[in-house]
Amino acid sequence: MSGKDTLIIDLGAGYVKIGSVSESEPRQVINSVTKAKHVKTRVFVGNELDECKDLSGLYYQLPFQKGYLLNWELQKQVLDHCLKPYADKRPLSEWQVIVTEPCINFSPVAEALDEVLFEEYGFKAVARLPAAFLAAQRDQRQRGVSPADHACLVLDCGYSFSHAAAYRRGRLVPGSVRRVNVGGKVLTNYLKEAISYRQLMVMDETHVMNQCKEDACFVSGNFDADLAAMSRAAQRSPLDSEAQERCQKLCCEYVLPDYAQHRRGFVRQLGSQKQQQQVVACCFCSFLFVWERGLPIHQEQTLRLGIERVATPELLFRPSDAGIPEMGVAEALCDTLSGLPPHEQPLYTDAVVLAGGSCRFAGFANRLETELRASLPDDFPLGVRCHGDPAAQAWLGGRDLALSPDGALECYAVSRKDYRITGPPCATKDLLSLPDACRGKSAELP
Amino acid sequence: MVDAGVSSRLRETRRLVLDEAARQRRHRRALEALEADNFQADPHADLRVSKLAPKFSDEASSFGPSRDALGGVAASADGKKSRKAKAAGGSGAVGTLGGRLRRNFAALLEEELARRAQLPGASASGSAATPYELAQVGPSRLPPRHFCAVCGLLGPHTCVVCGTRFCSASCYSTHQDTRCLKWTG
């Protein structure tokens with residue numbers, strides 16, 4: 001099987017990243033069948049949302065629940081929409097496909113996925129692999145480390161949850177997966193609640209607030225210092241230059257889309273004149289607008305953002321800020337590490353691979369490095385690595401796997417013929433517990 | 001302070017203080033709200049398919065009621081679904097697959113537990129915890145931070161009535177005026 005006719009589908013709860021091996025980056029398709037408030041005649045499958053004129057008050061119907069693919073009716077619609085351009089080029093029975101599953105999957109979910117891919121779409125071969133595994137493959141190939149020497153920790157922050165996992169020699173270390181139930185969805189909901197409570201009722205506007213989160217939020221290097229600076233500004237105390245800088249960086253306006261002139265909101269920095277007063281005013285903005293419900297300023301609706309810009313992504317590191325009784329992603333990585341053999345731990349910390357859309361926040365990698373550095377012994381090397389856009393890492397890993405000259409994909413792919421013999425699921429042993437043999441074929445790993 | 005003209009006796013009897021159980025319930029509801037896909041109900045729920053409209057698929061009835069998002073309001077029966085959605089997913093196998101897999105996540109987890117309990121080594125190994133449960137991280141070792149609900153900065157003080165945090169007297173008076181026991185996120 002050559003790698004040329006391979007499709008890579010990174011099936012995520014938020015977005016489906018899909019592309020063929022000949023493309024250099026995936027297409028991101030929102031994994032939802034969306035209903036618009038004012039359009040009663042149709043629903044929007046995947047990226048058909050671009051055709052919708054008014055993106056306010058969207059109602060999402062997601063095939064995924066809690067990060068697992070449960071609703072195939074909806075998922076089939078989205079996949080049909082995604083696969084159409086490829087099916088037009090060549091019938092699907094001539095494509096082989098790499099599809100992703102969560103780090104820890106349930107057999108009914110895996111069986112259903114295999115069944116649909118082989119029987120509904122009729123692909124030639126299917127390789128069902130965890131997204132974190134593909135990110136580890138990407139890291140190994142990008143850095144040029146030989147498979148026998150490769151060890152890494154993968155942090156996959158997605159829509160529904162975030163996983164920390166350890167990969168050694170191309171296989172998951174059993175018992176090393178840790179799951180934090182904070183992902184893009186929780187972050188967007190947290191931001192919606194904060195804004196709705198303080199300024200403008202946006203609980204219905206998931207799509208708009210998701211874009212606001214992507215545009216305006218970033219990870220602070222030192223959240224406590226930001227809090228202190230904003231508190232001092234709110235009390236109208238004199239600020240030193242560093243605190244001033246922090247406040248200026250945080251306080252901004254987010255112009256909401258009006259779907260007439262612009263379809264996506266944008267961040268507007270406050271004007272340079274009278275910036276000190278504006279900084280102070282920003283801190284009080286929260287309850288000034290409680291009753292004003294978005295009174296238009298300059299003929300547009302704006303949100304005044306301050307500490308929310310950093311408090312939202314902070315949830316990834318401290319879920320207890322929102323009352324979620326879990327440790328953050330940095331602590332989860334340390335927890336994974338503590339379960340590994342002590343003499344091997346430095347090998348893993350040298351490569352902490354970032355994957356997943358929620359790692360895209362500006363300042364994420366620096367903050368993770370700071371937190372890990374503080375938790376690890378001095379003599380451990382620490383390298384937080386991201387080989388491009390975190391959201392695309394799993395997809396790119398799949399592509400690297402498909403294009404690799406040593407034919408590694410053959411080890412993982414199950415052909416339609418084998419599927420017909422064994423039936424779903426394709427491998428009775430999951431990838432976690434495989435000792436040395438690969439799934440599907442009994443060839444040895446290179 | 002708040003109701004200046006009312007006697008303190010009346011104020012005390014009128015004040016409803018949430019006990020710990022009620023606060024825990026509110027907290028749990030808030031956490032569930034954080035996990036919800038949608039806040040609002042289905043906007044097409046009251047859509048009626050006109051009798052004059054042509055029917056594209058006879059298999060429409062096999063789809064059953066549409067799945068509701070976690071924490072969201074359940075949508076009504078299949079007649080309310082868009083025709084395009086029905087026509088697009090009209091294959092028999094997916095219909096049965098959809099029917100078989102039409103379960104929520106809690107049921108999936110229960111089934112997995114039951115399956116594990118039936119495995120030969122389960123009773124010997126003691127706990128039949130699934131890998132899913134084992135992967136769940138524990139609580140953080142760092143103490144939780146509490147934020148003022150009104151302005152988002154650190155909130156060391158607690159509202160006596162509802163337990164919400166606030167940072168200063170001005171934030172507290174805003175909370176009492178507008179949001180105490182009124183906010184359901």
Side-chain angles (χ1 to χ4, degrees), chain A residues 33 35 37 40 42-43 45 57 59-62 65-66 68 70-73 76-77 80 104 106 108 112 115-116 119-120 177-180 185-186 189-190 193-194 197-198 203-204 206 227 230-231 234 283 286-287 290 306-308 311 318 320-328 331-332 335, chain B residues 27 30-31 33-40 42-44 47 63 66-67 69-70 82 84-85 88-89 91 93-95 97-98 100-105 108-109 111-112 115 131-132 134-145 147 149-154 167 171 174 178-179 183 185:
Chain A
V33 175
K35 293 186 182 175
K37 208 165 46 175
K40 306 271 188 180
R42 64 172 292 193
V43 290
V45 174
Y59 181 82
Y60 292 108
Q61 291 173 281
L62 302 172
Q65 224 190 87
K66 287 258 200 181
Y68 290 90
L70 294 182
N71 189 327
W72 268 104
E73 270 179 49
K76 182 120 192 333
Q77 291 180 51
D80 286 346
I104 291 176
F106 295 93
E115 198 176 311
V116 171
E119 295 182 19
E120 282 296 310
V177 180
R178 298 289 182 276
R179 181 186 66 251
V180 181
K185 174 169 60 172
V186 169
N189 282 338
Y190 187 70
E193 266 185 49
Y197 194 99
R198 296 166 200 169
M203 291 303 289
D204 288 356
T206 313
L227 273 179
M230 291 292 278
S231 299
C283 304
S286 23
F287 41 93
V290 158
I307 200 73
E308 295 90 0
R318 294 275 275 256
S320 52
D321 284 355
I324 301 171
E326 293 179 10
M327 50 173 83
E331 283 182 87
D335 201 28
Chain B
H27 179 66
L31 286 183
L34 270 182
E35 289 268 343
D37 291 324
N38 291 293
F39 175 71
Q40 71 274 41
D42 189 348
H44 294 181
L47 211 58
F63 279 61
S66 51
R67 216 193 99 256
L70 193 68
S82 149
K84 177 173 176 174
S91 153
V94 174
L97 194 63
R100 186 154 50 93
L101 212 57
R102 188 174 309 291
R103 60 185 74 158
N104 58 19
F105 182 72
L108 191 69
L109 203 53
E111 196 187 294
E112 180 73 10
R115 196 181 66 89
Y132 181 81
L134 287 173
Q136 173 67 53
V137 291
S140 171
R141 283 184 315 199
L142 299 166
R145 292 185 289 220
F147 298 100
V150 177
C151 66
L153 305 175
L154 280 178
C167 63
C171 283
T174 311
T178 61
R179 295 292 185 211
W183 176 252

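Source: prediction; values computed, not measured.
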_Could you work out, with side-chain hydrogen bond (donor to acceptor under 3.5 Å, both in side chains) as the rule, every residue matching A/R179, not counting sequence neighbours?_
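Once residues adjacent in sequence are excluded, the partners of A/R179 under the side-chain hydrogen bond (donor to acceptor under 3.5 Å, both in side chains) criterion are A/N181, B/Q136.
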
_Residues forming a side-chain hydrogen bond (donor to acceptor under 3.5 Å, both in side chains) with A/S231, sequence neighbours excluded_ =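 So A/S231 forms no side-chain hydrogen bond (donor to acceptor under 3.5 Å, both in side chains) with any residue.
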
*Given a strict heavy-atom distance threshold of 4.5 Å, which part of A/R178 is in contact with chain B: side chain, backbone, both, or neither?*
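Both backbone and side chain of A/R178 come within 4.5 Å of chain B.
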
*Would you call the rings of A/Y68 and A/F106 parallel, tilted or perpendicular, where under 30° means parallel and over 60° means perpendicular?*
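Rings of A/Y68 and A/F106: perpendicular, as their planes differ by over 60°.
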
*For A/E331 and B/R141, indicate whether the former's side chain and the latter's backbone hold a donor-acceptor pair under 3.5 Å.*
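Between the backbone of B/R141 and the side chain of A/E331 there is a qualifying donor-acceptor contact (under 3.5 Å).
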
*asked:* Can a donor-acceptor pair be found, under 3.5 Å and without considering hydrogens, that links the side chain of B/E111 to the backbone of B/L109?
replied: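 Answer holds: no.
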
*Specify which of A/A332, A/S320, A/G328 makes the most heavy-atom pairs with chain B at under 4.5 Å.*
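Heavy-atom pair counts peak at A/S320.
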
*Among the listed options A/I324, A/N189, A/I307, A/D335, the residue most often paired with chain B at heavy-atom distances under 4.5 Å*: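 Result: the option with the highest number of such pairs is A/N189.
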
Part of [X] lying under 4.5 Å from any heavy atom of chain A:
X      : result
B/R115 : side chain
B/L34  : both
B/F147 : side chain

